[in-house]
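Structure first, commentary second.
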Amino acid sequence: MTFRSYMQIALDEAQAAAARGEVPVGAVIAGPDGVLAQAGNRTRELFDPTAHAEVLAIRAACAALGQERLTGYDLYVSLEPCPMCAAAISNARIARLYYGAADPKSGGVAQGPRIFAQPQCHHAPQVYDGINATASEALLKDFFAQRR
């Protein structure tokens, strides 16, 4: 089987989020048949602190499948997931997590609490970091530079 990355779609979602004034993070859930769901941050638009790209994509994918688990599906996200999103990824039983930029300040996978390494974590996906990291980092840096 040939590997296909869906990170460019996640980056497109991140750019759309930035255009809406949201922190530019995008996420894609993909499986054997391709993209199942995609989303960008919408915390400000929805007045919802849980409306991170990962959570929105997980919700949409679960609704599309009519189930609460995404066993065998992959998540592509432009930024290392925060602890809340990492817990949602674990609870959804996502098989593989691919992310772009590391998040030293708020990350929950390789930084900070390292959710998947905790004994309370029921499922840890395979994790692949640094996918299109340069593009992800540039998008975030440009977004925050415009606001300072």
Side-chain angles (χ1 to χ4, degrees), residues 2-65 67-116 123-148:
T2 304
F3 172 75
R4 172 159 185 221
S5 175
Y6 293 94
M7 188 59 79
Q8 187 55 54
I9 298 171
L11 288 168
D12 293 344
E13 286 289 341
Q15 289 174 330
R20 293 190 301 271
E22 302 276 359
V23 174
V25 178
V28 174
I29 305 245
D33 297 325
V35 174
L36 179 61
Q38 60 193 70
N41 275 357
R42 292 186 180 273
T43 59
R44 290 187 173 108
E45 175 185 343
L46 299 176
F47 308 108
D48 180 356
T50 69
H52 290 197
E54 301 95 308
V55 171
L56 295 175
I58 289 169
R59 288 176 184 164
C62 288
L65 294 173
Q67 60 192 40
E68 77 278 12
R69 301 275 169 87
L70 298 171
T71 306
Y73 285 85
D74 300 338
L75 172 63
Y76 294 80
V77 61
S78 58
L79 180 65
E80 176 184 352
C82 72
M84 175 187 71
C85 292
I89 291 163
S90 175
N91 287 326
R93 305 300 196 266
I94 289 176
R96 286 165 294 278
L97 166 64
Y98 300 90
Y99 70 84
D103 189 352
K105 181 180 175 190
S106 300
V109 175
Q111 315 289 324
R114 295 178 173 93
I115 296 299
F116 303 138
H123 168 77
Q126 295 174 16
V127 177
Y128 303 91
D129 63 352
I131 312 295
N132 288 47
T134 303
S136 298
E137 291 165 3
L139 189 56
L140 288 157
K141 286 178 183 175
D142 290 346
F143 177 82
F144 288 112
Q146 292 174 12
R147 277 147 183 77
R148 292 188 180 130

ask   = Does a donor on one side chain and an acceptor on the other come within less than 3.5 Å for D12 and Q8?
value =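 Yes - a donor-acceptor pair under 3.5 Å links their side chains.
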
Would you say the side-chain atoms of [X] pair up with the backbone N or O of [Y], donor to acceptor, closer than 3.5 Å?
X	Y	answer
E22	E45	yes
E54	A27	no
E80	D103	yes
S78	S136	no
N41	A53	yes
H123	I94	yes
R44	G21	yes

inquiry  = Test side chain to side chain contact (heavy atoms under 4.5 Å, CB included) on D48 and R42; report intermediate values, then the result.
reply    = CA-CA 8 Å; D48 180 356; R42 292 186 180 273; over 6 Å; no

For [X] against [Y], the heavy-atom pair lying closest together:
X	Y	answer
F116	A86	CE2-O, 3.3 Å
R96	D74	NE-OD1, 2.8 Å
P83	S106	CD-O, 3.3 Å
A17	P24	CB-CA, 4.2 Å
P104	Q111	CA-OE1, 3.6 Å
G107	P113	O-CD, 3.7 Å

request  = For the residue pair Y76 and Y6, categorise the inter-ring angle as parallel (less than 30°), tilted (30 to 60°) or perpendicular (more than 60°).
outcome  =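 Aromatic pair Y76/Y6 classed perpendicular.
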
From [atom1] ([X]) to [atom2] ([Y]), nearest 0.5 Å:
X	Y	atom1	atom2	answer
Y99	D129	OH	CG	4.0 Å
I29	R59	CD1	CZ	12.0 Å
I58	L75	CD1	CG	6.0 Å
D142	Q15	CG	CD	10.0 Å
L139	T134	CG	OG1	12.5 Å
L36	L65	CG	CG	4.5 Å

query = Out of T50, I115, I89, which residue meets the side chain to side chain contact (heavy atoms under 4.5 Å, CB included) rule with M84?
reply =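 Single side chain to side chain contact (heavy atoms under 4.5 Å, CB included) partner of M84 among T50, I115, I89: T50.
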
